[in-house]
Asks: 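My questions will all concern the structure given below.
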Amino acid sequence: MRRFVTDEIEAVDAYKLMSGLIVPRPIGWIGTRSIDGINNLAPYSFFNGVAASPPTVMFAPTGQPHARKDTLANVRATEVFTVNIVDYGLGPSMNTTSGTYPDDVDEFEVAGLTVRESEAIDAPIVAEAPASFECRLLQIVDIGGAPMGSSVVFGQVVAFNVNERILNGTRVDQASLDPIGRHVGNLYSRGGELYEMRRPD
Ligand SMILES: Cc1cc2nc3c(=O)[nH]c(=O)nc-3n(C[C@H](O)[C@H](O)[C@H](O)COP(=O)(O)O)c2cc1C
């Protein structure tokens, strides 16, 4: 075993250890709209669900406080966002939207994606996504500082939009969903072999 003491390594190495070991990570493809009405879309894999009543998700724009993340600026201004689920087929479009574009660029247009309007909030949904969540901002928690701090965004899901194709009641068929997970750098995994492990009583 090699031991890395946080105080003795660079922030970038701590980031590499985290992003290489906390895997595969789900990808929250976050849709927002600026106060000027420009749509924005970007993937965040420091993303997860953290509570179910009320249903609550988080994602973490990193590189704070200095890195300009349009998603974070838009959420601060509008207090709403969508989470869009990325399946294997949408991988290349998701990747396109991760580019660093000026804030007046609409990543839906860059990636050739269709905007669908949320019903409860003023934020864009990826029409091609197998599922999306309409979220209202609960809280932004700043963790750490430069160079790799995060402003962790917590949002309450006010509505789930799910394609009937992958649904059985409220159960999501995992094989039909065909999700991808993020690993370190440019590596992803696809679905993988599903197996069952029964939990103890
Ligand atoms: C799969 C994937 C996951 C990513 N996860 C994160 C993340 O969790 N936090 C982050 O700050 N950036 C993450 N990025 C980088 C952002 O997507 C990138 O900085 C993007 O330009 C941000 O766009 P925005 O300025 O429109 O918010 C990720 C990129 C990819 C491809």
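Both ligands and their constituent atoms are indexed starting at 1 by order of listing.
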Asks: In terms of residue, atom name and distance, what is the protein heavy atom nearest to atom 3 (C) of ligand 1?
Replies: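 Minimum-distance protein heavy atom for atom 3 (C) of ligand 1 reads R182 NH1, 3.3 Å.
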Asks: Considering only non-hydrogen protein atoms, determine which one is nearest to atom 23 (O) of ligand 1 and report residue, atom name and distance to 0.1 Å.
Replies: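 Result: A42 CB, 3.2 Å.
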Asks: Does the residue G99 have a heavy-atom contact with ligand 1, meaning some pair of atoms that are separated by less than 4.0 Å?
Replies: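 G99: in contact with ligand 1 (<4.0 Å).
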Asks: Near F160 CZ, under 6.0 Å, is it more than 12 heavy atoms from other residues, nucleotides or ligands?
Replies: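 Buried by this count: over 12 neighbours within 6.0 Å.
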Asks: If we ignore angles and hydrogens, is there a donor and acceptor under 3.5 Å between the side chains of T96 and E107?
Replies: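 Looking only at side-chain atoms, E107 and T96 do not form any donor-acceptor pair under 3.5 Å.
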Asks: V126 and L177: same hydrophobic cluster, using ILVMFWY side-chain contacts below 4.5 Å?
Replies: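 No; tracing contacts between hydrophobic side chains, which count when under 4.5 Å, never links both residues.
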Asks: State, without any angle test, whether S34 and N74 hold a side-chain donor-acceptor pair at a distance under 3.5 Å.
Replies: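 Result is no, nothing qualifies.
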Asks: Please give me the minimum heavy-atom distance between R25 and S19, naming the atom from each residue.
Replies: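 Scanning both residues completely, I find the closest heavy atoms to be NH1-O, 2.9 Å.
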Asks: Does some side-chain heavy atom of L113 sit less than 4.5 Å from a side-chain heavy atom of L90?
Replies: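 SC-SC contact between L90 and L113 confirmed.
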Asks: Can you pull out the closest protein heavy atom to atom 26 (O) of ligand 1? Residue, atom name and distance to 0.1 Å, please.
Replies: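 Looking at atom 26 (O) of ligand 1, the protein heavy atom closest to it is N40 ND2, 2.8 Å.
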Asks: Is any N or O atom of F46, backbone or side chain, closer than 3.5 Å to an N or O atom of ligand 1?
Replies: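 Between F46 and ligand 1, an N or O pair is found under 3.5 Å apart.
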Asks: Taking R68 first and then D70, would you say they form a salt bridge - that is, a charged N and a carboxylate O separated by under 4.0 Å?
Replies: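 Between D70 and R68 there is a salt bridge, with a charged N closer than 4.0 Å to a carboxylate O.
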Asks: Nearest heavy atom to atom 12 (N) of ligand 1: which of H183, E107, K69 does it belong to?
Replies: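 Among H183, E107, K69, the closest heavy atom to atom 12 (N) of ligand 1 belongs to K69.
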Asks: Given P43, A60, S45, which has its nearest heavy atom closest to atom 13 (C) of ligand 1?
Replies: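 Going through P43, A60, S45 one by one, P43 has the nearest heavy atom to atom 13 (C) of ligand 1.
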Asks: For atom 7 (C) of ligand 1, which protein heavy atom lies nearest, and how many Å away is it?
Replies: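 Sorting protein heavy atoms by distance from atom 7 (C) of ligand 1 puts Y44 CD2, 3.4 Å first.
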Asks: Checking a contact table here: which protein heavy atom is nearest atom 20 (C) of ligand 1, and how many Å away?
Replies: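 The answer is S98 O, 3.4 Å.
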Asks: Are F47 and Y188 connected in a single hydrophobic cluster, I mean Ile/Leu/Val/Met/Phe/Trp/Tyr linked by side-chain heavy atoms less than 4.5 Å apart?
Replies: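 Not linked; separate clusters.
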Asks: Under a 4.0 angstrom heavy-atom cut-off, which atoms of ligand 1 come close to P61?
Replies: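 Those of ligand 1 that fall under 4.0 Å from P61 are 11 (O).
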Asks: At under 4.0 Å between heavy atoms, which part of F47 makes contact with ligand 1: side chain, backbone, both or neither?
Replies: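 Looking at F47 and ligand 1, no heavy atom falls under 4.0 Å.
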Asks: When you measure from atom 11 (O) of ligand 1 to each heavy atom in T62, D70, T71, which option holds the nearest one?
Replies: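 Comparing heavy atoms across T62, D70, T71, the nearest one to atom 11 (O) of ligand 1 lies in T62.
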